[in-house]
Each structure stands twice: as structure tokens, then as C-alpha cells.
Number of protein chains: 2
Amino acid sequence: MDDSQLLDFFKALADASRLKIIGLLAQESFTVEQLAAMLKLRPSTVSHHLARLSKAGLVSARAEGYYNLYRLETSKLETIARRMLSREALPAIAADVDLEAYDRKVLTDFSNPDGSLKTIPAQRKKLTVILCHIAKSFEPEVRYPEKEVNQILARFHQDTATLRRELVGAGLLERQRGEYWKVQGSGNRV
Amino acid sequence: MDDSQLLDFFKALADASRLKIIGLLAQESFTVEQLAAMLKLRPSTVSHHLARLSKAGLVSARAEGYYNLYRLETSKLETIARRMLSREALPAIAADVDLEAYDRKVLTDFSNPDGSLKTIPAQRKKLTVILCHIAKSFEPEVRYPEKEVNQILARFHQDTATLRRELVGAGLLERQRGEYWKVQGSGNRV
DNA sequence: TAATTAATTAGATGAATATCGAATTAATTT
DNA sequence: AAATTAATTCGATATTCATCTAATTAATTA
């Protein structure tokens, strides 16, 4: 569900002392003093670690006299573990990432202000991005004679023959008897 | 199994950028450049993150041309998740921790060099530690008359009556008809 | 072969944080 | 009420590390 809560969880466990605390509390509840003696740390340090673990929902405290008895919240551990195993939860972490950023970068890197291409990319990966972009200039369901195709491609680069060949090779344009048309559903991603 | 490998795992995921990388690779393989563009980071930074993830066994690279295509190692994720869910794996994290350190600390805090007690602890938790220690001075299977019990207890503290009463109250010593004997299996932990 | 390009490595810098000692708070014992 | 005690909080310090730029390596294209 939550984005930063997962990060807090991993940050909480990304420390040798805190990991040991989790291991100890998995066996039995302990007070701050006991943990400090076993880990050979100052109580203030252990208190700090427990606060972090508590903020991540991994431990909870129960006051007993003037002791504070800490216990492990196994449910939290289980929740996260199950999330790591689920197929959908992982991609959700990157939900707010801009997936098209790379394509845009390639496009601006190779385009002049007027929209024409500086050069035709040599790398397959970049060429594909450019070709997908060019394909958007073709209407679906329309059949273009070669002369019109060249007119459109000339807006991008003088070497229309190469562009035409690559568009067909990439499966973005189809050709038959001197006529061309856009392949359905080839508007966007690779 | 391994101790520091688990720590490496959590450290690897304890960063917002790396967590996003995992989320992205969960959908599809990407090159360093693509990830850099999507995350708005320099390729060198992404490379550094991928190295960390790789060291933790979370991703692997496949050379393709002069691209490096990174993919997620879901098996590693599954292994750790299952370990988090298992009852035995968690306590194993603290296998090398000195569990008796607290008891030893209490013992030295309250003992004089000759082994006698400075005072009898007021806190239940500490009193129990001391009582367990004293109980070790009694042989199993042996019945002690009260006079002998007092002789042994006097080595620890003059207030033998209190010690005797507490030992019985804690269930470490049993009494019947003026004779005392050690309760089986009460030698050590609380 | 020379120029370009993806990726990694090295070095530098600033931010986060693990740990400690001291001060404070709250509960217990005398 | 005064003294003791467990725990937390605060301030300081040293370390770890995320990120950047620059340099280097390795592969591809011209």
C-alpha cells in the first residue's frame, strides 16, 4: 500500500545491532538494560534503536514497573514478507516513476527545435524510440502511396529511404503493392 | 544460513532509489541508461546502486552489445521472504549474541571480590539472577537440614532468613519437615 | 583506425546516522 | 520526602554512504 513505509521497514533492519535485537526478541521479550548488556551497547543507544524499530512497527513496548518490556511484532514481519512474495506488490513500488523519461531523452537528444532529426540513431534501442515517434505521424486505417510517405518522412530526415525501410523492418509500417499503412497498436512502447 | 548476508540484503533495500530500481526491474529488464533517465540520476550513480544490489544477489547483469541489461533475481527475494516467515530463522540471527551477559553484569554489580553480596537486590529481575547463582551451591539429590542451609547462605549474605525464604519462593529450593533440597533443573536460566 | 558510446571506477562533497556521555523524566524503594 | 533506578532525550562526534564530476574501460560505428 504505502511507499515510504516499506522504505522505513528496510531502513530499520539495515543495521547489525537492530538485526540482532530482532533476533533476540524473536526468542523472548527483553528490557532495554538486558539488551544493552547482551549487545554490549549503552542503554541510550539501544533505546534509540528500539525507537526506530518501533516507528517501523517492528516492536512494541509494554511498561512493567519502571521497566519497559519490548516484544517483537511478528505480524508486521509477516505482512512485509508476503508483500515481497506477491507478483503485483513489487512493480507498485515504482508506480510514481516516469517510465517514458528515457524515450523523451532520446527524442530531444536527436531532434532539432523544428522537430527534424539531427541524425538517425545507430543504436537499435534509440532507433526504435525514434521510429515509434515517427509512426505517430501516420493515421491508422489510411493507405499512403510511397510519394506521400516520403513527404511525411522528409519532415524528419532527408534520408527517407532508410526511414521507410527501418519502419517496415521494425514492424511499424506495412507495405503491399506500393502502398503503406500503419500497423495497429504500434503507437507507443517497444 | 549466513549472518552478514542478511544484513547486506536489508542494506541493499534501505534506499529510495534502489527500492525503485527493484520495482522497475520487477516489470522488465532495463539498461543503466534507461534506469538513470527514469530515476533522474546520473548513470554512474545508478551503476553504483546496481553494484550494491548485485552484491546482495538481488539483480544480475547480462551483456548485450555494449549495453548491460539488468534483471531482477526473484529467487533471492523469495528466499529471504521465506526466512522472515519461518519461526527458527529469526532467532538464528542472534546466535552469536552473549545471552548471559546481563546475568553476569548483575552478578558482578552485586558481588564483592570474595563472592559475598554487597546487598540483596530489590528488583525482582536482579534478585532472580542472584538466587539462581546461589542455587548452584546446592548439590542435587541432597537433603540439607536448615542449619547447613544457613551455613551455605552465610557465604553470600548475613540475612540468611531472607535468602532462604526467597529461594523457596522462587521455586529454586523445596522444603519439607525442616529439610531443604534443590528443585531439579533450576540450575540456570529464569 | 579514429570517433562515439555504455558502463564502470575513482575522488570529492554533503547528508544521514550509530554511538556515546550527560541531562532529564518517571517510577520504586528506603 | 529522599535516594535509587530504568528509560528516554539531547548534543556532539565519527562513520557510512548517496550523489556528482571526471577519468577510464570496453564495445560499436564510421
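Throughout, protein chains are lettered first and strands after them, A, B, ... in sequence-line order, and every chain is numbered starting at 1.
- Taking side-chain N and O atoms only, B:Tyr67 has no distance below 4.0 Å to OP1 or OP2 of C:dT8.
- Distances shown here put every side-chain N or O of B:His48 at or beyond 4.0 Å from the OP1 or OP2 atom of C:dT9.
- Other residues sharing the hydrophobic cluster of A:Leu85, ordered by chain and number and joined by side-chain separations under 4.5 Å: B:Leu85.
- The distance between atom CZ of A:Arg52 and atom P of C:dT19, rounded to the nearest whole Å, is 11 Å.
- Protein atom NE2 of A:His49 is 15 Å distant from nucleotide atom C1' of D:dT9, rounded to whole Å.
- In the region residues 13-24 of chain A, proximity to DNA chain C at under 4.0 angstrom, judged on heavy atoms, holds for A:Asp15, A:Ser17, A:Arg18.
- The closest side-chain donor-acceptor pair between B:Tyr66 and A:Gln123 falls under 3.5 angstrom.
- In this structure, the ring-ring contact (aromatic ring centres under 6.0 Å, His included) partners of B:Phe138, at least two apart in sequence or on a different chain, are B:Tyr144.
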Show the atom names and distances, to 0.1 Å, of all donor-acceptor pairs under 3.5 Å that link a side chain in residues 167-178 of chain A to residues at least two apart or in another chain.
residue	atom	partner	partner atom	Å
A:Arg175	NH1	A:Tyr180	OH	3.4

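- In this structure, the ring-ring contact (aromatic ring centres under 6.0 Å, His included) partners of B:Phe156, at least two apart in sequence or on a different chain, are B:His133.
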Contact state string [nucleotides 20-30 of chain D, B base, S sugar-phosphate only, - no protein heavy atom under 4.0 Å]: BBB----BSSS
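- The interatomic distance linking B:Leu53 (CG) with C:dT8 (P) rounds to 12 Å, in whole Å.
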